[in-house]
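Below you'll find the structure, written out as structure tokens, and then a few comments.
Computed from a predicted structure; not experimentally measured.
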Amino acid sequence: MKSVLLKLAILASLLIFVVGCSSGDTSRHDNSKSEETIRTVLKSIFTGPDEEQKKLFKIQATTDPQALTPYLEKKYKSLIEEQYLQEFLKNNQGTTWLQSAFMAGYQLKAAMPINVQKAKSGGYTFKFDVDYTKNGKTNAATIIGDINTTSNGKVVAINVIDDDGLFKLLTSKTPIRHGK
């Protein structure tokens with residue numbers, strides 16, 4: 001009887017150990033998936049505009065105000081939670097910097113690495129540089145913010161806390177000097 005109980009106790013301990021280890025691996029996998037998704041979304045928001053986006057910006061400004069919507073839905077559908085995607089599109093979060101860069105004649109490029117860290121609040125913080133180029137001259141602005149994801153790694157909120165004056169530069173008539 002003692003032998004059976006001992007074997008049962010060892011088996012139960014082993015089972016608990018295996019379950020504990022596998023659940024820990026899953027959370028690490030979820031974090032890395034979230035971090036990968038965050039980097040992809042931020043890179044997309046701050047790199048460009050590419051030729052297709054330029055074409056769509058022109059169409060949007062002249063003939064079809066909704067020209068970008070199908071393009072953006074397709075681009076972000078797998079990265080952003082469905083409920084948040086509509087708000088993201090409505091508030092132009094996917095195009096704010098790129099469209100402003102296009103109108104001002106700048107080209108943006110998110111510099112690697114995009115630093116993403118788990119925050120105590122449960123979301124993530126991010127910090128990275130964006131190179132902005134016009135007339136062959138390149139400068140950089142540091143972007144800082146926070147972002148939340150679902151348990152399956154999709155984005156549900158983006159908050160750019162500081163863009164180092166980039167948006168103001170892109171939308172101003174008078175160039176602002178960035179001495180970075």
Side-chain angles (χ1 to χ4, degrees), residues 33-82 84-117 119 123-149 153-180:
K33 181 177 179 169
S34 290
E35 290 173 14
E36 180 182 328
T37 299
I38 291 166
R39 286 184 183 96
T40 300
V41 168
L42 293 172
K43 183 177 178 186
S44 294
I45 291 172
F46 288 98
T47 299
D50 62 23
E51 292 308 314
E52 184 174 5
Q53 291 166 334
K54 289 176 184 179
K55 179 181 153 191
L56 290 170
F57 289 149
K58 287 177 187 175
I59 292 169
Q60 182 182 22
T62 57
T63 60
D64 183 6
Q66 298 300 315
L68 276 167
T69 302
Y71 168 83
L72 294 171
E73 284 177 339
K74 182 179 177 185
K75 184 174 188 167
Y76 291 107
K77 186 175 182 144
S78 66
L79 303 169
I80 297 177
E81 187 65 34
E82 182 64 34
Y84 178 61
L85 181 60
Q86 296 312 310
E87 180 183 332
F88 179 84
L89 296 173
K90 180 181 164 190
N91 295 328
N92 300 317
Q93 287 185 292
T95 59
T96 298
W97 283 271
L98 295 181
Q99 195 160 20
S100 299
F102 170 71
M103 291 170 35
Y106 283 91
Q107 191 68 30
L108 305 180
K109 184 175 182 190
M112 296 302 163
I114 295 176
N115 297 313
V116 176
Q117 294 183 345
Y124 294 85
T125 61
F126 59 83
K127 181 178 181 180
F128 63 101
D129 287 340
V130 172
D131 295 330
Y132 55 96
T133 305
K134 183 175 183 177
N135 300 328
K137 293 184 180 182
T138 300
N139 290 300
T142 301
I143 309 298
I144 299 170
D146 51 51
I147 194 163
N148 293 322
T149 61
K154 287 190 172 189
V155 172
V156 292
I158 302 171
N159 180 27
V160 174
I161 296 168
D162 185 3
D163 73 353
D164 202 13
L166 181 61
F167 186 72
K168 188 174 182 179
L169 167 80
L170 298 174
T171 58
S172 71
K173 302 288 182 204
T174 310
I176 297 170
R177 294 198 175 258
H178 260 271
K180 287 193 171 191

Has [X] got a side-chain atom pairing as donor or acceptor with [Y]'s backbone, closer than 3.5 angstrom?
{"X": "Q107", "Y": "K134", "answer": "no"}
{"X": "D164", "Y": "L166", "answer": "no"}
{"X": "Q53", "Y": "D50", "answer": "yes"}
{"X": "T125", "Y": "A119", "answer": "no"}
{"X": "K43", "Y": "I114", "answer": "no"}

Would you call K33-E36 a salt bridge at under 4.0 Å N-O?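 Judged by the 4.0 Å cut-off on N to carboxylate O distance, K33 and E36 do not form a salt bridge.
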From [X] atom [atom1] to [Y] atom [atom2], the distance as rounded to the nearest 0.5 Å:
{"X": "Y71", "Y": "L68", "atom1": "OH", "atom2": "CG", "result": "8.0 Å"}
{"X": "E81", "Y": "N148", "atom1": "CD", "atom2": "CG", "result": "12.5 Å"}
{"X": "Q99", "Y": "L56", "atom1": "CD", "atom2": "CG", "result": "10.0 Å"}
{"X": "L42", "Y": "T37", "atom1": "CG", "atom2": "OG1", "result": "10.5 Å"}
{"X": "N91", "Y": "E87", "atom1": "CG", "atom2": "CD", "result": "5.5 Å"}
{"X": "L108", "Y": "T133", "atom1": "CG", "atom2": "OG1", "result": "8.5 Å"}

Looking at D146, I147, I143, which one forms a side-chain contact (heavy atoms from CB on, under 4.5 Å) with V160?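 That would be I143; it is the only one of D146, I147, I143 passing the side-chain contact (heavy atoms from CB on, under 4.5 Å) with V160.
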Least distance between heavy atoms, [X] atom then [Y] atom:
{"X": "L85", "Y": "K77", "result": "CD2-CA, 4.1 Å"}
{"X": "Y84", "Y": "V155", "result": "CD2-O, 3.8 Å"}
{"X": "S100", "Y": "F167", "result": "OG-CE1, 3.3 Å"}
{"X": "A67", "Y": "I59", "result": "CB-CG2, 3.6 Å"}
{"X": "T149", "Y": "S34", "result": "OG1-OG, 3.1 Å"}
{"X": "F102", "Y": "P49", "result": "CB-CG, 3.8 Å"}

Looking at side-chain heavy atoms only, is the closest gap between [X] and [Y] below 4.5 Å?
{"X": "V130", "Y": "W97", "answer": "no"}
{"X": "F46", "Y": "D163", "answer": "no"}
{"X": "I158", "Y": "I45", "answer": "yes"}
{"X": "L72", "Y": "F88", "answer": "no"}

Would you say [X] has more than 12 foreign heavy atoms packed within less than 6.0 Å of its [atom1]?
{"X": "K127", "atom1": "NZ", "answer": "no"}
{"X": "K54", "atom1": "NZ", "answer": "yes"}
{"X": "K109", "atom1": "NZ", "answer": "no"}

No-hydrogen, no-angle side-chain donor-acceptor test under 3.5 Å, Y76 and Q93: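 No - no donor-acceptor pair under 3.5 Å links their side chains.
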Taking atom types as modelled, find out whether D129 and T142 have a side-chain donor-acceptor pair closer than 3.5 angstrom.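 A pair is found: one side chain offers a donor N or O, the other an acceptor, under 3.5 Å apart.
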